[in-house]
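To start, the structure under review is shown below, and the notes come after it.
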Amino acid sequence: MWHSLFARFRKDRCSQTRDLLSAYTDGQLDLKEQERVEQHLKVCPACREEIGSLQTTVQLLHRVPQESPARSFAVAEPRPVPRWSPFPVLRTATAVVGVFLVFFFAANMYNLFGTGPAATGERGTMQSESGQEEADAGKYSPDSENDLSGGPESDDDESQLQATEESYAASGDDGTDQEEVAGGDEETTRELEGETSVNEGGDGWPRGGIRPPGGNGGPGKHNHRQLAQREESEDIEVQCTRHGETWIPS
Amino acid sequence: MNDSEFVQRSKEGDLDAFNRLVESHQAVAYNLALRMLGDHQSAEDATQDAFLSAWRNIGTFRGGSFKAWLLSITANTCRDQLRKRKRNPITSMETLVVEPEGLPSVGSPEDHVLRRELGRQIQEGLATLPSDQRLAVILSDIQGLSYEEIAQVMQCSLGTVRSRLSRGRARLRDYLVRRGTFPPQTSSK
């Protein structure tokens with residue numbers, strides 16, 4: 001039993017060593033492997049024969065003559081034309097489009113572009129106030145607390161809408177803004193009271209959502225679209241004369 | 001001028017510079033193709049294809065050993081030819097014999113005959129190896145490349161080079177023992 005175990009161990013050792021003999025011949029083993037091989041070669045005649053035959057084979061290969069080619073392989077083709085690859089251009093274009101889309105969606109999320117175009121009839125009113133609106137554009141910042149998306153959940157009447165707009169005014173940066181906004185809101189309120197018309201001809205809903213910044217009251221002042229969406233089920237439509245957006249209050 | 005300067009000029013479209021590189025390396029490339037494919041005609045075709053491919057793709061050469069890069073292209077061209085042969089076998093690989101040209105002038109006629117016979121047997125033995133082992137043995141023991149250069153040509157690790165070389169040599173040795181080229185020794189399992 002011990003003999004067979006020893007024989008098996010010896011066989012495994014020979015097998016492991018033979019895997020290293022080729023590299024040992026080329027001096028490609030590290031120091032540890034080299035010592036292991038040399039120790040084994042001292043005690044194993046079979047592995048000594050193995051390495052001998054391998055070395056003979058390598059020496060025979062060294063003696064294989066180098067043939068001279070019968071002809072020259074010089075190239076006669078004209079200069080290769082650099083192939084234009086569309087991929088770099090496509091990559092750049094894709095990156096630009098990707099950045100643009102990210103910007104667009106982020107801006108849309110923060111309602112930087114405002115809401116839809118005003119109805120035809122009110123376009124004049126909106127334009128007359130556009131100067132003031134542009135001046136106010138930079139003064140407003142998205143205020144999530146005053147965001148109408150988190151606003152009144154129940155059906156809104158006009159007074160509640162007025163209160164909401166006044167809360168926006170209160171979030172302005174200085175007194176001047178608040179006065180301007182308050183004045184504007186009073187005007188808006190008066191107009192709201194007198195005008196509750198159904199949007200028959202024009203389309204007051206924002207289309208696409210892409211608007212120049214500050215064109216409709218500044219970023220984040222109102223979220224008419226969200227307000228309008230909440231009121232979508234109602235038939236009556238209200239339009240803001242200041243900004244031109246339409247929505248349906250309860 | 002060394003290779004890198006010719007390579008740079010070749011990248012700029014200087015065909016003459018590229019043909020200087022061809023002149024320097026065509027013997028090595030041809031011999032590799034010859035030992036891989038086993039006959040002169042196939043070796044010439046493969047070598048010409050390899051140089052054409054190198055010229056067309058010189059822009060993709062990123063530095064390092066131009067010789068290794070060129071031999072890599074040559075090896076790939078040879079593999080393509082071998083694949084075609086497998087699909088459309090015309091002649092068995094083992095019957096293709098490289099008849100040495102350019103016979104050495106030194107030595108006795110008997111030496112000449114022995115060497116010729118040896119060359120033929122070795123070529124037949126190489127033909128029995130899998131292409132990767134054959135390539136490793138040719139690059140190392142006939143072309144004299146180092147393990148690192150072989151790894152670059154074959155685009156593999158040093159460990160893989162070691163393994164393919166070990167198996168290729170053992171297999172060739174077994175073939176030569178069977179043919180009686182040298183006395184029977186312990187053969188690999």
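So you know, we letter chains A, B, ... as the sequences are listed, proteins then strands, and number each from 1. Just so we're clear, the structure is a prediction, and the values are computed from it rather than from any experiment.
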inquiry  = For the CD atom on B/Glu148, are there more than 12 heavy atoms of other groups (residues, nucleotides or ligands in this structure) within a distance under 6.0 Å?
reply    = yes

Test item: A/Gln59 and B/Asp141 side chains (from C-beta on) under 4.5 Å apart, heavy atoms = no

ask   = Counting N and O atoms only, with roles assigned by atom type, does the side chain of A/Gln66 sit under 3.5 Å from a partner on the main chain of B/Gln143, one being a donor and the other an acceptor?
value = no

message = Please report the interatomic distance OG(A/Ser72) to CG(B/Asn19), rounded to the nearest 0.5 Å.
response = 7.0 Å

inquiry  = Tell me whether A/Glu67 contacts the main-chain N or O of B/Asn31 through its side chain, where contact means a donor paired with an acceptor under 3.5 Å.
reply    = no

inquiry  = Is there a side-chain contact between A/Leu20 and B/Arg162 in this structure, where contact means two heavy atoms from C-beta onward sitting under 4.5 Å apart?
reply    = yes

task = Identify which part of B/Leu165 has an atom lying under 4.5 Å from any heavy atom of chain A, answering side chain, backbone, both or neither.
result = both

query = How about A/Leu61 and B/Leu172: do any of their side-chain heavy atoms sit closer than 4.5 Å?
reply = yes

B/Arg20 atom CZ: more than 12 heavy-atom contacts under 6.0 Å = no

key: Which atoms of B/Glu23 approach chain A - backbone, side chain, both or neither, heavy atom under 4.5 Å   = neither

query = If you count heavy-atom pairs under 4.5 Å with chain B, which of A/Arg63, A/Gln28, A/Arg71, A/His62 comes out on top?
reply = A/Gln28

key: B/Phe18 portion near chain A, given a 4.5 angstrom heavy-atom threshold   = side chain

note = Heaviest contributor of heavy-atom pairs below 4.5 Å to chain A, chosen from B/Ile122, B/Leu126, B/Val137, is B/Ile122

task = Show your working on side chain to side chain contact (heavy atoms under 4.5 Å, CB included) between A/Leu60 and B/Gln121 and close with a plain yes or no.
result = CA-CA 11 Å; A/Leu60 288 173; B/Gln121 288 183 11; over 6 Å; no

key: Distance (rounded to the nearest 0.5 Å) between B/Ser146 OG and A/Asp26 CG   = 10.5 Å

